[in-house]
Amino acid sequence: MSQTSAPVGEVDPFERFNRSNGMGRIENPYPVFIELRGEAPVQKADLRKMFGLEIPEPPPGSPPVYTACSYEAVCEVLRDGERFSSAMYSAIMGIVMGHSILEMDEPEHHRYRAMLQQAFTKRSLELWEHSLVGSVIDELIDAFIDEGKAELVRQLTFPFPVNVIAGLLGLPREDIPQFHRWTVELISVGIDFEGALRASNQLKEYLGGFLAERRVNPGDDMMSVLAQAEMDGQRLSDEDIFAFLRLLLPAGAETTYRSSSNLLYGLLTHPDQLAALTTDRTLMAQTIEEGLRWEPPLLTIMRSATRDTEVCGVPIEKDSVIIVNLGSANHDETRWENAEDLDIFRKATQHIAFAFGPHMCLGQHLARMETRVVLTKVLDRLPNLRLDPAADAAPITGMTFRSPHALPVLFG
């Protein structure tokens, strides 16, 4: 089931993207990750062996592909931008995203990140929380609260983050369905390159008019901050901002919707922990961190080796591709006891759902704030929240992006 309805005869990009990421098919990859960590912290990747996927053989001369699956191995790869480059993203994602911080290495990455960071100040987060995020969530809850039941993915967790992003950028609300569709088409580049390229150009054309206006008449929205950002005399060009916004829109909409859905699923299937959080809100911060550790919205990212090297003693050839398995690292049994279990009472330990090192997620504090607000609103406004026993709650599924596609609940 998709969260939107496409016109008859038209491809639903949300449904297609979910299918391509194994949603509905790959329910629990973590036992495979346990086996991998037991064999070696880094090893040659075999996705057919791991998930039974029908994947064509790579062309002759293709670089070796490894997977880093232990916490130590993943951190070693992500913290060392000299040996392990992000530039490989330019080959495909860069064509549709533009030259974004996703594909930059140091020192370029540090310079651009410092300018972009000006849009995510503590003061801005506080302003957004009270003037935007809470009202967006309240409005969505208002639409179903009198029914005593809801499907929380379709009616809340899927729409709220993209509405927040639209508000942050000062975009008209009536345009949200269209630019949300463009963002998903954009990140579907692996299954429809032409469609992704078209969406990229349409997004640029759409955002261009707003950016030109913000250059002349800046407001207090994020696009205005980016238009005025400066460091050491350098400012962001229009192309720099377009590239960042193409990255922000899917990152802000997709990952936050999935992480908040995953956490709600975890609490609803662990009613004792849900009850504890409802009673004691001082557990909120650690609950959010445990949810991110237990089921991160994005399982894997990629790097490439800039030279012959090794990770945790395993030799890695120059130009090798490394699949960095964040989900596996977050379940490393050497770091967390009973790592497969959701346990909001466990002692907080640094997870890597937001990655690690210089490329650690720029919007992580925004994502945490959004999750805190939506969870607080749900607990405050939907008392006695529970899964609807007459409906089938969909499990969390997916191979790269993960979330449940439905959360039918009763309350009140």
Side-chain angles (χ1 to χ4, degrees), residues 1-4 11-36 45-55 67-69 74 93 151-154 156-162 180 183-192 196 249-269 290-302 323-331 339-340 342 351-355 361 367 371 392-408:
M1 187 183 103
S2 69
Q3 285 80 30
T4 63
V11 174
D12 183 335
F14 301 92
E15 181 68 21
R16 181 182 60 179
F17 181 74
N18 282 341
R19 286 200 311 268
S20 73
N21 279 283
M23 289 193 66
R25 293 184 291 115
I26 298 175
E27 182 172 335
N28 185 7
Y30 292 101
V32 174
F33 299 161
I34 293 173
E35 292 181 17
L36 291 176
D46 186 343
L47 297 181
R48 281 183 286 189
K49 174 185 174 184
M50 289 168 62
F51 300 115
L53 299 177
E54 293 299 323
I55 300 173
T67 181
C69 51
V74 165
M93 296 303 295
E151 198 285 274
L152 289 182
V153 173
R154 177 175 54 85
L156 182 60
T157 59
F158 180 75
F160 99 78
V162 73
H180 196 182
T183 63
V184 173
E185 291 173 338
L186 187 69
I187 58 175
S188 299
V189 59
I191 53 177
D192 183 1
L249 289 168
E254 278 291 310
T255 56
T256 303
Y257 123 63
R258 294 182 190 276
S259 62
S260 58
S261 300
N262 291 349
L263 179 53
L264 280 166
Y265 177 88
L267 292 171
L268 287 163
T269 53
E290 173 64 358
L292 287 164
R293 181 206 68 82
W294 176 68
E295 271 290 6
L298 178 65
L299 280 187
T300 57
I301 56 178
M302 312 285 278
I323 300 172
V324 182
N325 195 326
L326 308 177
S328 177
N330 274 345
H331 282 230
E340 302 304 300
L342 177 73
H351 62 74
I352 47 175
F354 291 118
C361 176
T371 303
D392 292 328
I396 296 171
T397 60
M399 180 181 67
T400 305
F401 289 90
R402 285 180 59 76
S403 62
H405 78 253
L407 285 174

List in chain and number order the residues that pass salt bridge (Lys or Arg N to Asp or Glu O under 4.0 Å) with E290, two or more places apart in sequence or in another chain; answer none if no residue qualifies. R293, R346

side-chain contact (heavy atoms from CB on, under 4.5 Å) for R258 and I396? Distances and angles first, verdict last. CA-CA 9 Å; R258 294 182 190 276; I396 296 171; over 6 Å; no

What distance separates [X] [atom1] from [Y] [atom2], expressed to the nearest 0.5 Å?
X    : Y    : atom1 : atom2 : result
E254 : T256 : CD    : OG1   : 10.0 Å
T269 : L342 : OG1   : CG    : 7.0 Å
I301 : T400 : CD1   : OG1   : 12.0 Å

[Y] side chain reached by [X] side chain, heavy atoms, under 4.5 Å:
X    : Y    : result
T300 : L326 : no
S261 : L152 : no
P29  : L299 : yes
P404 : N262 : yes
Y257 : V162 : no
I323 : M302 : yes
T255 : F401 : yes

For a quick test of reading the model, state the closest non-hydrogen atom pair linking [X] to [Y] and the distance between them.
X    : Y    : answer
N330 : P296 : ND2-CG, 4.0 Å
H180 : A253 : NE2-CB, 4.2 Å
A329 : I352 : CB-CD1, 3.4 Å
V153 : E151 : N-OE2, 2.9 Å

Parallel under 30°, tilted from 30 to 60°, perpendicular over 60°: which one fits the rings of Y265 and W294?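 Y265 and W294: parallel rings.
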
Check against side-chain contact (heavy atoms from CB on, under 4.5 Å), S259 and T371: CA-CA 8 Å; S259 62; T371 303; 4.3 Å; yes

Residues in side-chain hydrogen bond (donor to acceptor under 3.5 Å, both in side chains) with S260, at least two apart? none

Going by ring pair (Phe, Tyr, Trp, His ring centres under 6.0 Å), name the residues that satisfy it together with Y30, two or more places apart in sequence or in a different chain.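 Here the qualifying residues are F33, H331.
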
